[in-house]
Participant: 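So that we are looking at the same thing, I have put the structure below in structure tokens.
Source: prediction; values computed, not measured.
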Amino acid sequence: PSRETLPTIFKPEFAAQIPLKAPEPIKFYIDALRDRALATLIASGIKSTMSKLSKDSPLVALDDVKMLLSIASKYNLYQGKGVDIIQDSANRVAKYDEIKARGGDILGIPTPWPTLNRITMGYLPGELICYIGRIGSGKTFALLKNAEKAWREGKKVLFISTEMSAYRIGRRFDAIAGGIPYDPLRKAKLEAVLENKYKNELQDLYKKYGPLKVYCPPRVKSIEDVALLVEEEKPDILFIDGVYVLIQKGNSQDKHHEKV
């Protein structure tokens, strides 16, 4: 309403105190609303956590805290700002050179296979690609082969397994990265040449590239656990082996496959 209309709605002495223009910039009020939304979310989560601490075990309350952090990250309250496309032009030029160096056919992180690269043009931000197959058909090896390719490309890779230990994942990765037959490696029956390659050449290769983080149970059991790890590690690409095992907190485990 106009300043003239305000006295008809409010008491005249109150309407006279309302400024025509707020003294603070609009960002001040936007930030205040974001702060209030986050404060309300945290207060509600703390209340629920305290209630569970008094009734259940600390582990149940810890799951509640994980869920709260996951939800808070989804709010994305302080991210998602606009992009100055003028200042960002240097990034586009760098991306252009990267695409050109790959022959112009791959826009994202390349896969190990040319045919799949032609179909997908590489793994692009925001994409979800599923590998589906029977038990023992090689899904884990396929994911690790993709992870190894991204790792060699200098990308930050996060690999999550819901069923295998880090040791078993690492042993498979050794076979892929070193070009070593897996079965004799698993049984510690490598021939002398391959054993030297495993103990020496492969270790030199690992020193050349950056780390590759692997998380396994009990660290990862739920979708919320994955969300927290992504927020913590900030990978360029994420691989999840056994995504169907993940549960969603607050839902019965027999329905977890519907939430993945």
Participant: Once salt bridge (charged side-chain N to carboxylate O under 4.0 Å, His left out) is applied, do any residues pair with D183, and if so which ones, sequence neighbours excluded?
Facilitator: R186, K187
Participant: Pair up each side-chain donor or acceptor in residues 209-217 with any protein partner under 3.5 Å, not counting sequence neighbours, and list the distances.
Facilitator:
{"from": "K213", "atom 1": "NZ", "to": "E233", "atom 2": "OE2", "distance (Å)": "3.1"}
{"from": "Y215", "atom 1": "OH", "to": "E233", "atom 2": "OE2", "distance (Å)": "2.6"}

Participant: Suppose we screen for side-chain hydrogen bond (donor to acceptor under 3.5 Å, both in side chains). Which residues come up paired with S161, at least two apart in sequence or across chains?
Facilitator: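 S161: no side-chain hydrogen bond (donor to acceptor under 3.5 Å, both in side chains) contacts found.
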Participant: E195: what forms a salt bridge (charged side-chain N to carboxylate O under 4.0 Å, His left out) with it, not counting sequence neighbours?
Facilitator: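 Here the qualifying residues are K199.
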Participant: Is there a chain of hydrophobic side chains (I, L, V, M, F, W, Y, each step under 4.5 Å between heavy atoms) that links I240 to I237?
Facilitator: no
Participant: Give a yes or no on whether a salt bridge exists between E98 and K155, defined as a side-chain N under 4.0 angstrom from a carboxylate O.
Facilitator: yes
Participant: Which residues pass the salt bridge (charged side-chain N to carboxylate O under 4.0 Å, His left out) test with R219, sequence neighbours left out?
Facilitator: E232
Participant: Could you state the interatomic distance from CG (L202) to CG (L185), rounded to the nearest 0.5 Å?
Facilitator: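 Interatomic distance, L202 CG to L185 CG, rounded to 0.5 Å: 9.0 Å.
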Participant: Is atom NZ of K95 surrounded by more than 12 heavy atoms (other residues, nucleotides or ligands) closer than 6.0 Å?
Facilitator: yes
Participant: Nearest 0.5 angstrom please: T140 OG1 to I169 CD1, how far?
Facilitator: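 Going from OG1 on T140 over to CD1 on I169, the span is 5.5 Å.
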Participant: Hey, quick one: are L205 and L194 part of the same hydrophobic cluster, counting side-chain heavy atoms closer than 4.5 Å, chains of contacts allowed?
Facilitator: yes
Participant: Would you please name every residue forming a side-chain hydrogen bond (donor to acceptor under 3.5 Å, both in side chains) with T111, sequence neighbours left out?
Facilitator: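 Here the qualifying residues are N117.
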Participant: Would you call I223 and I247 a side-chain contact if the rule is heavy atoms closer than 4.5 Å?
Facilitator: no
Participant: Can you confirm whether K221 sits close enough to L246 that some side-chain heavy atom of one is under 4.5 Å from a side-chain heavy atom of the other?
Facilitator: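 K221 vs L246: side chains apart.
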Participant: Could you list the donor-acceptor pairs under 3.5 angstrom formed between side-chain atoms of residues 127-136 and any protein atom two or more places apart in sequence or on another chain?
Facilitator:
{"from": "E127", "atom 1": "OE1", "to": "L124", "atom 2": "N", "distance (Å)": "3.2"}
{"from": "Y131", "atom 1": "OH", "to": "Y123", "atom 2": "OH", "distance (Å)": "2.7"}
{"from": "Y131", "atom 1": "OH", "to": "N146", "atom 2": "ND2", "distance (Å)": "3.2"}

Participant: According to ring-ring contact (aromatic ring centres under 6.0 Å, His included), who are the partners of F141, at least two apart in sequence or on a separate chain?
Facilitator: Y182
Participant: Among residues at least two apart in sequence or on other chains, which ones pass side chain to side chain contact (heavy atoms under 4.5 Å, CB included) with P184?
Facilitator: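 Here the qualifying residues are P181, L190.
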Participant: Using side chain to side chain contact (heavy atoms under 4.5 Å, CB included) as the criterion, list what pairs up with M121, not counting sequence neighbours.
Facilitator: L107
Participant: Tell me whether K197 contacts the main-chain N or O of G178 through its side chain, where contact means a donor paired with an acceptor under 3.5 Å.
Facilitator: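 Present.
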Participant: Decide yes or no for D84 and D88: does some side-chain heavy atom of the first lie under 4.5 Å from some side-chain heavy atom of the second?
Facilitator: no
Participant: I need the full list of salt bridge (Lys or Arg N to Asp or Glu O under 4.0 Å) pairs touching residues 136-152, with sequence neighbours left out, sorted by first then second residue.
Facilitator: E148-R152, K149-E153
Participant: Show, in sequence, the C-alpha distance, side-chain angles and deciding distance for W151 and F173, and conclude whether the side chain to side chain contact (heavy atoms under 4.5 Å, CB included) test is met.
Facilitator: CA-CA 11 Å; W151 173 73; F173 190 84; 3.8 Å; yes
Participant: Which residues end up grouped with I106 if you chain together Ile, Leu, Val, Met, Phe, Trp and Tyr wherever their side-chain heavy atoms are less than 4.5 Å apart?
Facilitator: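 None, because no other hydrophobic side chain comes under 4.5 Å of this residue.
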